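Lettering of chains follows the sequences in order, A, B, ..., and the numbering in each one begins at 1. All of these numbers come straight from a predicted model, not from anything done at the bench.
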Protein chains: 2
Amino acid sequence: MDITLALFAFSALSQETRLDVLRLLIKAGQTGMNAGEIGDVLGVRQNTMSTNLNILLRSGLVRNEREGRSIRYFADFDGIRGLLAFLMEDCCGGKPELCEPVLDAIVCDC
Amino acid sequence: MDITLALFAFSALSQETRLDVLRLLIKAGQTGMNAGEIGDVLGVRQNTMSTNLNILLRSGLVRNEREGRSIRYFADFDGIRGLLAFLMEDCCGGKPELCEPVLDAIVCDC
DNA sequence: TCCATATATCAAGAATAATAGATATATGTG
DNA sequence: CACATATATCTATTATTCTTGATATATGGA
């Protein structure tokens, strides 16, 4: 992860539709969602959604797979990990008790 | 954490100076850094840095404390946790092996 | 091959954000 | 109180990003 990609990824997440999409896909896990389905759920026009999905793709936060005529999108957990690792690099100045609570935030209960 | 603040926070991180600042402060931990010191290290003009620090403050990713004539800034680990928790809410669709690697990214070796 | 479905690209106007010069405010010191 | 230091605010210009209508491309089926 370099700073250019990190900036692009954070910029991707600073727009409501794209943040909604990534959160949907994170919840969907390995099931993913078709592009059209995502647009329907979020009530976003087709071309706008396509543009936004492409931005998420290029940010490395999302990946896709063709499925017949549709294209299925998934959260890219490796990409998300890379971004968070870049942000938290050398965290907490030697005091683990500062950054451990950050980890707790992400423990899933599934 | 609501979506409006999350969007504002990700937007804060989508600008190079501000991402640099937060990463510096995350590394600095509880020591923090003075506003002027941050500007010197990053080679950013005083008023630009002040504006950017204010945006980080309002995003909840950073807090500050007056220290005589200077103002010392710190990463706000609670704020960071809140943002990441919002992003990763209900993650991984029931398959912990998908999101556990995301956690590993943030384990500090201090 | 022709048509329908699903998604992507293009182009332009509208909205938003970044930067920096000038200036203001706040604190400490003598 | 006068002055120096440290940070914040204002304002305008420039640059970037968002959205959308129109159109293009890709796939599957008859």
Nearest-neighbour nucleotide for the A/Ser50 side chain, C/dT9, D/dT7, D/dA26 considered:
C/dT9

Give a yes/no on whether any side-chain N or O of B/Gln15 is located under 4.0 angstrom from OP1 or OP2 of D/dT16.
no

Describe the nucleic acid contact of A/Arg18 in one word from base, sugar-phosphate, nothing, applying a heavy-atom distance below 4.0 Å.
sugar-phosphate

Which of D/dT9, D/dA8, C/dT7 is nearest the side chain of B/Thr51? It is D/dT9

Do A/Gln46 side-chain and C/dA6 base share a donor-acceptor contact under 3.5 Å?
no

B/Arg69 has a side chain; which of D/dA8, D/dA6, C/dA6 sits nearest to it?
D/dA6

Specify the separation, in whole Å, of atom CG of A/Asn34 and atom P of D/dG28.
13 Å

Out of C/dA18, D/dC18, D/dT7, which nucleotide sits closest to the side chain of B/Ile55?
C/dA18

Check the distance between C/dA17's C1' and B/Phe8's CZ and give it to me in whole angstrom.
11 Å

Return whichever of A/Asn47 or B/Leu53 has its heavy-atom-nearest nucleotide of DNA chain D closer to the 5' end.
B/Leu53

Side-chain contact check for B/Thr48: nearest option of C/dA20, D/dT7, D/dT27 is C/dA20

Spacing between A/Leu56 atom CG and D/dC18 atom P, to the nearest angstrom:
11 Å

Below 4.0 angstrom, N of the basic side chain to O of the carboxylate: do B/Glu67 and B/Arg72 qualify?
yes

note: B/Glu67, atom CD; C/dT27, atom C1'; distance rounded to Å ~ 13 Å

Between B/Asn54 (CG) and D/dC10 (P), how many Å, whole number?
11 Å

May I ask whether A/Phe8 and B/Leu13 are part of the same hydrophobic cluster, defined by side-chain heavy atoms of I, L, V, M, F, W, Y residues being less than 4.5 angstrom apart, directly or through others?
no

In whole angstroms, how far is the C1' atom of C/dA6 from the CD1 atom of A/Ile38?
13 Å

Which atom pairs, one a donor and one an acceptor, fall under 3.5 Å between side chains of residues 38-52 of chain A and the rest of the protein, sequence neighbours left out?
unit_1, atom_1, unit_2, atom_2, d
A/Thr51, OG1, A/Asn47, O, 3.0
A/Asn52, OD1, A/Arg18, NH1, 2.9
A/Asn52, ND2, A/Thr48, O, 3.3

The side chain of A/Arg66 is closest to which nucleotide in this list: D/dA22, D/dT7, D/dT27?
D/dT27

How many angstroms lie between CE in A/Met1 and OG1 in A/Thr4, if you round to the nearest 0.5 Å?
10.5 Å

Between A/Ile71 (CD1) and C/dA6 (P), how many Å, whole number?
12 Å

Are any of the side-chain heavy atoms of A/Leu19 and B/Phe86 separated by less than 4.5 Å?
yes

B/Glu65 has an atom CD; how far is it from atom P of C/dA26, in whole Å?
19 Å

Could you work out which one of C/dT7, D/dT19, C/dA18 sits closest to the side chain of A/Asn52?
D/dT19

